[in-house]
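Right, one structure below, let's go through it.
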Amino acid sequence: MTFLLAAALGLAALLLLGPPQGTSARLRKAVSLPPGQAGGFTGPGGVGGTGRNSRKGRRRQGKAAAAGTSPMTLVVQQLAALLKGGRAPARLWDELWTVYGPAASAAGSAAPGSAGGHLPEGSLNVMLAARAAAARGTPVSAGIRAALPVALPGRGREARIWSELAACFDIAEASGCPLADVLTRFAAQLEVEDDADAARQTALAGPKATVTLLSWLPLIGLGLGAALGVDPLAMLLGTPLGLAALVGGVVLTIAGRLWSARLVAAAAGTGAL
């Protein structure tokens with residue numbers, strides 16, 4: 001019994017000393033960004049080019065990864081940078097595909113010290129549809145909208161960004177406004193959203209750690225009681241009042257955990273339980 005209590009206390013210590021869930025998720029996200037994503041386009045044929053500019057692009061990529069910029073935000077930034085760099089609209093998606101396509105992702109994962117990340121499969125399918133539409137000479141926005149229901153059937157942020165990106169192409173074509181300027185403003189809006197999401201995750205790190213601490217306090221109390229020479233398990237399991245207290249404590253702990261998770265999810269804006 002003493003061994004079980006010691007093991008429970010060790011597990012509680014590991015959970016309390018570990019990083020908050022939001023921080024670990026951001027770290028996993030940061031190391032899964034594709035090569036040449038940050039700031040400007042640093043892949044083959046891109047704005048960043050090779051040599052000195054490519055090294056600068058990799059440094060900017062590291063800063064963007066640390067800031068938690070989403071891959072779709074970087075895609076929009078790269079589209080705007082390519083247009084400002086003189087790329088023809090028909091060549092935009094070929095340039096992006098050299099960086100985000102399966103061949104580029106495989107090469108990035110094989111390179112020493114490379115992040116080796118890539119866009120999610122749904123976004124890759126939408127990008128492939130946009131590339132095919134540009135190659136045929138048909139509106140890219142129509143190709144994106146046609147691929148969205150199949151590639152990204154949900155209504156998540158990723159699907160919304162693709163839909164809004166298609167709207168940017170339509171607006172530029174209908175109004176005559178330079179597409180690079182429209183995409184630059186759209187990328188700035190996405191950056192604001194990323195910053196707000198990062199601020200929410202930072203603000204929620206404390207409540208998440210508090211929930212974890214309060215969840216393990218009962219086991220810590222049992223361990224402290226055993227360390228002081230008291231036998232709390234005999235009291236809990238050997239008397240009717242102890243059993244009632246044990247059942248009530250377990251029920252209230254589970255209810256508090258679920259309630260806290262619901263509050264954190266609502267504050268994070270996920271709407272999940």
Side-chain angles (χ1 to χ4, degrees), residues 29 32-50 53-54 56-58 60-61 64-65 69-109 111 114-148 150-152 157-170 172-173 178-191 194:
K29 180 180 178 181
S32 65
L33 295 176
Q37 241 185 0
F41 186 86
T42 60
V47 172
T50 58
N53 290 335
S54 180
K56 289 181 179 179
R58 285 192 293 269
R60 288 195 298 268
Q61 174 189 351
T69 305
S70 70
M72 282 305 303
T73 301
L74 296 174
V75 168
V76 177
Q77 290 174 341
Q78 289 167 355
L79 284 171
L82 286 169
L83 286 171
K84 290 182 177 180
R87 295 299 189 274
R91 287 283 301 165
L92 289 178
W93 302 100
D94 289 335
E95 300 279 0
L96 286 181
W97 191 255
T98 60
V99 173
Y100 294 102
S105 297
S109 60
S114 172
H118 50 76
L119 283 176
E121 183 179 357
S123 286
L124 281 178
N125 292 334
V126 178
M127 183 180 291
L128 184 60
R131 183 189 181 202
R136 293 192 304 265
T138 57
V140 172
S141 58
I144 292 176
R145 290 193 180 95
L148 274 180
V150 178
L152 297 170
R157 184 172 186 265
E158 192 176 357
R160 176 180 64 82
I161 292 177
W162 278 111
S163 179
E164 292 176 353
L165 181 60
C168 289
F169 278 84
D170 287 338
E173 183 178 357
L179 181 58
D181 293 342
V182 176
L183 293 180
T184 299
R185 295 185 179 223
F186 182 38
Q189 173 194 334
L190 295 179
E191 284 182 357
D194 291 337

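Owing to the predicted nature of the structure, the values given are computational and were not obtained by experimental measurement.
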- request: Hey, could you give me each pair passing side-chain hydrogen bond (donor to acceptor under 3.5 Å, both in side chains) that has a residue in residues 127-139? Not counting sequence neighbours.
  value: D94-R131
- request: Can you measure from CG (L83) to CZ (R91) and round to the nearest 0.5 angstrom?
  value: 13.0 Å
- prompt: More than 12 non-hydrogen atoms from neighbouring residues, nucleotides or ligands closer than 6.0 Å to CD on E121, yes or no?
  reply: no
Only distances under 3.5 Å count here; give the side-chain donor-acceptor pairs of residues 160-167 to other protein atoms, sequence neighbours excluded, each with its distance to 0.1 Å.
residue : atom : partner : partner atom : Å
R160    : NH1  : E164    : OE1          : 3.3
R160    : NH1  : E164    : OE2          : 3.1
R160    : NH2  : E193    : OE1          : 2.9
W162    : NE1  : S123    : OG           : 3.0

field: Nearest non-hydrogen partners of V126 and A147, listed with the distance
entry: CA-CB, 4.3 Å
- prompt: What is the distance from atom CG of L82 to atom CG of L179, rounded to the nearest 0.5 Å?
  reply: 11.0 Å
- prompt: Is any side-chain heavy atom of L128 less than 4.5 Å from a side-chain heavy atom of W93?
  reply: no
message: Ignoring hydrogens, what is the shortest heavy-atom contact between V76 and L183? Give both atom names and the distance.
response: CG1-O, 3.5 Å
query: For the residue pair A133 and P139, what are the closest heavy atoms and their distance?
result: CB-O, 3.9 Å
Under the salt bridge (Lys or Arg N to Asp or Glu O under 4.0 Å) test, residues paired with D181 that sit two or more places apart: none
message: Checking Q77 against E191: is there a side-chain donor and acceptor pair closer than 3.5 Å?
response: yes
message: Is there a side-chain contact between M72 and L190 in this structure, where contact means two heavy atoms from C-beta onward sitting under 4.5 Å apart?
response: no
- prompt: Between CG of L74 and CG of L119, what distance do you get to the nearest 0.5 Å?
  reply: 9.0 Å
- line: Closest heavy-atom pair, A151 versus G122, reported as atoms and distance to 0.1 Å, is CB-O, 3.5 Å
message: Could you report the tightest heavy-atom contact between A187 and T73, atom names first, then the distance?
response: O-CG2, 4.2 Å
message: Any non-hydrogen side-chain atom of V75 less than 4.5 Å from a side-chain atom of L96?
response: yes
- prompt: Can you name the nearest heavy-atom pair linking A129 to G143, along with the distance?
  reply: CB-O, 3.8 Å
query: Between atom CZ of F169 and atom CG of L92, what is the distance when rounded to the nearest 0.5 Å?
result: 6.0 Å
